[in-house]
Amino acid sequence: DNGQHAGEHRIPDGKAQPYEENIYMPLVVRGPGVKAGSTTDSLALNTDFFPTFTDLAGATTPEDVDGRTLRPLLEGSMVTTWRTAFLLERGIHPYPGLSQDAEPLYGIRTSDGRKYVEYSGGFRELYDLKTDPYELDNSYDATSPPVGLARRLEALKGCAGATCRAAEDGP
């Protein structure tokens, strides 16, 4: 499971924040056809589990399913198109350890290490995880907003099925 806060970002506990401590979780897979010791930095999501299981079982994945099969990554196949971003979201329903007044948020995390978050109250965050891996320097500047990331975020907010895969793959 992904981690609980333990004081990072001055948050005493909880796990419903858009920071890497809360969203990053390595996926470890072992099985036939998976080369021992192999790794990838490709972005995998829990929505990929169902399509992966149906693919491995020889069943058809319904078109309206958001994820994609991890089979090519597991088998070490050359993957020419893979997601380069995913949606971060927090709704208004309560989360354990999160204040009842925590505002909803939407964000995008990219495979090249960029993260852009929009809170419902108007606050914005922008991070480059390559230069700021601990997300300590919010570089959002309202006079120069990240238009491309904001556009991709809008596409991810309203997608389903194949449109999600297209939005994750990006322009």
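Since this is a predicted model, take the numbers as computed values, not measurements. No hydrogens, no waters, no symmetry mates; every other heavy atom, side chains included, goes into these values.
Under the 3.5 Å distance criterion, the side-chain polar atoms of Arg152 are matched with a main-chain donor or acceptor of Glu168. Not one N or O on the side chain of Ser144 forms a donor-acceptor pair closer than 3.5 Å with the backbone of Asp141. For the pair Asn138 (side chain) and Arg124 (backbone), a donor-acceptor distance under 3.5 Å is present. In this structure, the side chain of Asp48 does not engage the main chain of Thr69 through any donor-acceptor pair within 3.5 Å.
What you find for Leu70 and Ala44 is that their closest heavy atoms are CD2-CB, 3.9 Å. The heavy-atom pair separating Leu88 from Arg109 by the smallest distance is CD1-CB, 4.4 Å. Val34 approaches Ser38 most closely through the heavy-atom pair CG1-OG, 4.4 Å. The shortest non-hydrogen separation linking Glu135 to Leu129 is CG-CD2, 3.4 Å. Scanning both residues, Ala85 and Leu43, for their nearest heavy atoms gives N-CD1, 3.9 Å. When all heavy atoms are compared, the tightest approach of Thr84 to Gly170 is OG1-N, 4.2 Å.
Rounded to the nearest 0.5 angstrom, Glu20 CD and Tyr134 OH are separated by 11.5 Å. The NZ atom of Lys115 lies 10.0 Å from the OG1 atom of Thr110; values are rounded to the nearest 0.5 Å. Between Leu156 atom CG and Cys164 atom SG the span is 6.5 Å, to the nearest 0.5 Å.
Residues Leu56 and Leu73 do not share a hydrophobic cluster, clusters being chains of Ile/Leu/Val/Met/Phe/Trp/Tyr side chains in contact below 4.5 Å. Hydrophobic clustering (side-chain heavy atoms under 4.5 Å, transitive across Ile, Leu, Val, Met, Phe, Trp, Tyr) keeps Tyr127 apart from Tyr106. Under the 4.5 Å side-chain heavy-atom criterion for ILVMFWY residues, a single connected hydrophobic cluster contains both Tyr19 and Phe123. In the hydrophobic clustering of this structure, Trp82 groups with Phe49; members are Ile, Leu, Val, Met, Phe, Trp, Tyr whose side-chain heavy atoms approach within less than 4.5 Å, directly or through other members. Tracing side-chain contacts under 4.5 Å through hydrophobic residues (I, L, V, M, F, W, Y), one reaches Phe53 starting from Leu74; they form part of the same cluster.
A salt bridge is defined here as a Lys NZ or Arg NE, NH1 or NH2 lying under 4.0 Å from an Asp or Glu carboxylate O, and Glu154 with Arg151 fails to meet this definition.
More than 12 heavy atoms of other residues, nucleotides or ligands lie within 6.0 Å of CZ in Phe86, so this atom counts as buried by the packing criterion.
Donor-acceptor pairing under 3.5 Å is lacking for the side chains of Ser139 and Asp137. Side-chain atoms of Thr81 and Arg68 form no donor-acceptor pair, as typed in the model, at a separation below 3.5 Å.
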Next on the checklist: For a side-chain contact (heavy atoms from CB on, under 4.5 Å) check, start with the C-alpha distance between Asp66 and Leu45, then their side-chain angles and the critical distance, and finish with the verdict.
Outcome noted: CA-CA 10 Å; Asp66 292 345; Leu45 304 173; over 6 Å; no
Next on the checklist: Please evaluate residues Arg90 and Gln17 with respect to the criterion side-chain contact (heavy atoms from CB on, under 4.5 Å), reporting the C-alpha separation (whole Å), side-chain torsions for both, the decisive distance (0.1 Å), and the verdict.
Outcome noted: CA-CA 8 Å; Arg90 178 177 70 206; Gln17 303 296 335; 3.3 Å; yes
